[in-house]
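Let me begin by handing over the structure; questions about it come next.
This one's a predicted model, so the numbers in the text were calculated from it and none came from an experiment. Atoms within each ligand, like the ligands themselves, are counted from 1 in listed order.
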Amino acid sequence: MPVYNQPVKLPVQIQSFDEYQEVYAHSVSKPENFWAEQADTFYWRKRWDKTLEWNFTDPDVKWFQGGKLNITENCLDRHLAERGDQAAIVFEPNEPGDPVITLSYRELHAEVCKTANALHELGIGKGDRVCFYMPMVPELAISVLACARIGAIHSVVFAGFSAQALADRVNDADCKMIICSDYNKRGAKNIPVKQVVDEAMAIGCSTIETVLVHKNTGGDITWDPSYDLWYHEQVDHQSSECEAEAMDAEDVLFILYTSGSTGKPKGIVHTCGGYMLYTAFSFLNVFQYQPGDVYWCTADIGWITGHSYILYGPLLCGATSMMFEGVPTYPDAGRFWQICEKHKVNQFYTAPTAIRALMAKGDEHVEKYDLSDLKVIGSVGEPINEEAWEWYKEKVGRNVVPIVDTWWQTETGGMMISGLGNYSPQKATFAGYPLPGIQPCLVGKESIKENKGNPAEGLLCVKFPWPSMLRTTWGDHERCKNTYFSTVPGMYFTGDGARRDENGMYRIVGRVDDVINVSGHRMGTAEVENAIDEHSRVVESAVVGYPHDIKGQGIYAYVIMGPGSHDLDLIKQEIIAVVRKEIGPIAKPDKIQFVDALPKTRSGKIMRRILRKVAANELENLGDTSTLLNPEAVESIIAGRDI
Ligand code: WTA
């Protein structure tokens, strides 16, 4: 085993706006030098030969080629000498009275090694895919890291997705194993997680050899001895040492599925070296983490935010990272703030939808608690509206704590545009400036030319590679190329629209494609339509997002039924049930309007622009409808709208 007797080095931590400007200038004038200097702070089994090779045409991006590393040696082993006894993960359970579980770096290292040994014994090796369907419990963190330890590729599926959605993801990546829990405690609910896995297996997951079941509540489950195994029976007796697999910098670390404008969700592929560097670098700078701080990101590890900023980024930097099993409103709307007080949280990171939901419950829930340990509060996942921003700043940040509004995506791997702790100018609803090494630009919607001036607006693109960018979409490189690298030739296209103010600060306006953002959950309207169309009596449907006070966007479905008389209330219930079954409860429509026809262009395309306006109840400016194939459809849709 390698010996880690070197002091732990970390990437540069910027501590003034002047320093940011200097570092930024260097990072874009000599990107390879800049990132090589930062990458040199990590532990590499073998240093890389070539820092960067890229083109955005194929696309083909390789960082640190020839380098060998294991991300878990950097997350765990490297810290043992200096902070082996410091808390790495602090787990706050769903029930406020239940015991907190703290895992020191030494304990987490041992647990990860034990699970890694168990996975090995069960035939999992480098490059194999392991799917996760688990609640937010320490075993999730442990076994995700255990995969990385042995070079297996993790694919975490948010445990709110349906059996069908789980099976789709398992099959797309040909996973060999599913790791799940028996039940998931969320607020007052006890969700039968294993049962969903059973249903997915019944749908058909032919590549799965083992379902490893973590006993979370001990509730009753059904058991298939041909593939079910208890996690503890496989793990508990294992050795707490496990040699880490030396991975190529460009070997796949994980796949994470996310929704796009068309088709089924795609598996975004991230690789070891660049992802390691960038999640650590961005974590350190955006949150201005200092040794001894307690950091809490409320996301679920089923999403990219949990991957990058509960697990990898914080652990790479030797931070204490909290993990919360429950929901913000259980047992009451003060839970987040009670946890912040209890654990003396210094950095808090959540989504606007949670802020809005808690804001609506009244200030007394937040005013009750002592939040004076907070130094930075963050926002992620969707545009934050001004009212929520002001409330967060005043009530949670007591007007003294900076807000970091972090714009990024599953595809970017890490935060791209954001303030850096207290060192960046603050402006409500503006994410701010790009992080060092990130070269965003705005491209005209019609002209497809870069808008260079300030102020400007347009399609948000990135013109130079950064270490944690996606490398491909699993099993379908063409799709990666078409989705991200074809709209604006030579650039990565984000799918978002943005504005830049006179000082060069960015404000993200929102998606310009058919992706919607519901309570911070990203969803493709086409996916929801496909689910609705599974209902036997539905002829056609069209789904759009509309502004929703708490969720950011709600889901509005226009549905055409087949001939015959229908009990429409019953059909609505059935449609919701079908969506729950195909995707999961997070995708169920908030509003369903039955229509006779959908407005279409002469070439037969649905005019979504009009549907979006009607759903938003913005009827003044519907635009030109005379070119439609069936302008009369618009009138009847307006008359029957659900407001
Ligand atoms: C949106 C979540 C405005 C955006 C990390 C992006 C944001 C999509 C912000 C990615 C923000 C994320 N301000 N919009 N601070 N952060 N978004 O892949 O539309 O779940 O394209 O990644 O969320 O969602 P994803």
Closest protein heavy atom to atom 24 (O) of ligand 1, given as residue, atom name and distance to 0.1 Å
R522 CD, 3.6 Å
Please work out whether the ring planes of F17 and Y433 are parallel, tilted or perpendicular, with thresholds of 30° and 60°.
tilted
Proximity of F430 and Y506 rings by center, below 6.0 Å:
no
Does W408 come within less than 4.0 Å of ligand 1, judged by its heavy atoms?
yes
List ligand 1 atoms under 4.0 Å from D405, heavy atoms only on the residue side.
11 (C), 13 (N), 15 (N)
Could you tell me the residue and atom name of the protein heavy atom closest to atom 16 (N) of ligand 1, and the distance to it rounded to 0.1 Å?
G381 N, 3.1 Å
Establish, from distance only, whether the side-chain atoms of N617 and Y546 form a donor-acceptor pair under 3.5 Å.
no
Where ligand 1 meets T305 - atom numbers and elements under 4.0 angstrom, heavy-atom basis:
5 (C)
When H270 is tested against each of Y278, Y312, F254 for ring pair (Phe, Tyr, Trp, His ring centres under 6.0 Å), which residue passes?
F254
Just checking, is any N or O donor in the side chain of Q288 or Q347 under 3.5 Å from an acceptor N or O on the other one?
no
Around atom 13 (N) of ligand 1, find the nearest protein heavy atom and jot down its residue, atom name and distance.
E382 O, 3.3 Å
Please round to the nearest 0.5 Å and tell me the distance separating atom CD of E527 and atom OG of S261.
10.5 Å
In this structure, are over 12 heavy atoms from other groups packed under 6.0 Å from Q21 atom CD?
yes
Those atoms of ligand 1 less than 4.0 Å from some heavy atom in V380:
5 (C)
Expected output: side-chain T353 to main-chain I550 donor-acceptor under 3.5 Å
yes
Please could you name the atoms of ligand 1 that T406 approaches to less than 4.0 Å, counting only its heavy atoms?
9 (C), 11 (C), 15 (N), 16 (N)
How close does the nearest protein non-hydrogen atom get to atom 6 (C) of ligand 1, and which residue and atom is it?
D496 OD2, 3.1 Å
Can you find an N/O atom of Q409 closer than 3.5 Å to an N/O atom of ligand 1?
yes
Quick note on ligand 1: atoms under 4.0 Å from a heavy atom of N517 include exactly 1 (C), 23 (O)
Can you list the ligand 1 atoms lying under 4.0 Å from a non-hydrogen atom of T410?
18 (O), 20 (O), 22 (O), 25 (P)
